[in-house]
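First the proteins, then the strands, lettered A, B, ... as listed; each starts at 1.
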Number of protein chains: 2
Amino acid sequence: MAATARRPDRGEARAALLTAGLRLFADQGYAATTTRQIAAEAGVSHALLRYHFSSKAGLREAVDEDVLGSFARSFATAREEGAGRGTLAEAGRAAALVFGADRGRRRYLRRVLVDGDERAAQLLGRLVRGAGRELDRLTADTGALPAESRRWAAYQVLFLVLGPLLLEPALEVVLGADPFEPATLADRSAANQHLLQHGLLPPHDD
Amino acid sequence: MAATARRPDRGEARAALLTAGLRLFADQGYAATTTRQIAAEAGVSHALLRYHFSSKAGLREAVDEDVLGSFARSFATAREEGAGRGTLAEAGRAAALVFGADRGRRRYLRRVLVDGDERAAQLLGRLVRGAGRELDRLTADTGALPAESRRWAAYQVLFLVLGPLLLEPALEVVLGADPFEPATLADRSAANQHLLQHGLLPPHDD
DNA sequence: CCTCTTCCTGTCCAACTGGACAGGGAACGT
DNA sequence: ACGTTCCCTGTCCAGTTGGACAGGAAGAGG
């Protein structure tokens, strides 16, 4: 047992702080969370946070990297899996997989998007570009989108996907159920596909 | 000059506190805003907040009532104006009018929806019911929505409308412009109408 | 055996928080 | 003239905040 585990709990406390920070930042927001709360949930002294992460902001950076990195990996694998297929159903299933995966990380993502600093803008920019590329793939065979749809198409798709994520806590109450529970998610995803293909309302003058 | 103005600035400081609270709660969130910040922006002593509103929470209640009430009034008038018409374009114009009106109140609404307590659920519930009623009106002549659209239709419409509102700060950076600037808003509203009537993608097998 | 590094804790601190409270000063009714 | 009422302020307070720091436990390596 040379370097396998120098200490029985090597890195354990650090990971616990990271997990606690993730949960509390996601549920309450960064400003409303105290370092003592985090330490208490991790079961360590609040001074340890400073040792491992320098400061509260340092912990946030570490959590950011962890969560945003894990989402980037999810996207990458989802894209690889569905590569070449390029059907709407496939894209919907990939999106559901990515965003439905982990409640904690999903909620953290929501906080990042909503707290509205430059991290949010950066993330949103990546999401918009990703949605745009996906739309390009989907329309590769049938020709590009008409001009009047082109400008907002990626945003519209994104709003449909991100809406439940952004409103999750309130939506959970209104629905009376977890909006990302698999059956609900599949149902909503199907409805989104239907909307994107056929619209919602029958054509109508004016 | 009997009861017209008992004091030259009667109610002025109270209104200033309300306005400052609205702006700061909207921009930073309730928890991250201090009573002293609010008082400083209003140009009064922080002790005055307590005099007029009992507590920080009391000020929030007053702002809530002000903002949510003003939106309810906006909805009511928008509905009256467009009464009987019942076209999608009319509904889109009304929604744009309501949500595009006042940047400060719009941002406050965003905070309420996002901070995710029971106020958010209550508001979201009202919005969902409102969107559902609007959809019923729009489909009154052409017959009800098909079953597979019916369940999520109101939510989809809401996500399209609320998406830009929820993501406003990040969206502003990504777009490089105010997402609720009139021309942009009109353009997006038209794109939403197009999506709802015709879909985004041409019909496609699978 | 001793020492070093790593991880962790208890404890102190200055700054700030929301709130409490006594009092000041101006317009009002009398 | 004078007390009353309404706004408003300065100032104090106990509690909490993020952070600083000295030291302690324990395995690693000599």
Pair A/E172 + A/R107: basic N to acidic O under 4.0 Å | yes
OP1 or OP2 of C/dC8 sitting under 4.0 Å from any side-chain N/O of A/H52?
-> yes
Mapping A/R36 and B/S45 onto DNA chain D by nearest heavy atom, which one lands closer to the 5' end?
-> B/S45
Give the rounded distance in Å between these two atoms: NZ of B/K56 and P of C/dT17.
-> 9 Å
Separation of atom CG in A/L59 from atom P in D/dG19, rounded to whole Å | 10 Å
More 5' along DNA chain C: B/L49 or A/R14, using each one's nearest nucleotide?
-> A/R14
Rounded off to whole Å, could you give me the CG-to-P distance for the B/L24 and C/dT17 pair?
-> 12 Å
D/dG18 phosphate, OP1 or OP2: any side-chain N/O from A/T35 under 4.0 angstrom?
-> yes
Pair A/F25 + A/Y30: ring centers closer than 6.0 Å = yes
With the side chain defined as heavy atoms from C-beta on, A/A13 is closest, among D/dT17, D/dC8, C/dC8, to C/dC8
Which part of the nucleic acid, if any, lies within contact of B/T33, taking any heavy atom under 4.0 Å across all strands shown: a base, the sugar-phosphate backbone alone, or nothing?
-> sugar-phosphate
Nucleotide C/dT6, atom C1' - distance to CG of A/L48 in whole Å = 11 Å
Quick one: the side chain of A/H46 and the base of D/dG18, do they pair up donor-acceptor inside 3.5 Å?
-> no
Tell me whether the OP1 or OP2 atom of C/dC8 has a side-chain N or O from A/Y51 closer than 4.0 Å.
-> no
Side-chain (A/K56) to main-chain (A/L49) donor-acceptor, under 3.5 angstrom | no
How long is the line joining CZ of A/F53 and C1' of D/dG18, in whole Å?
-> 16 Å
Would you indicate whether B/E181, at its atom CD, is surrounded by more than 12 heavy atoms from other residues, nucleotides or ligands within a distance under 6.0 Å?
-> yes
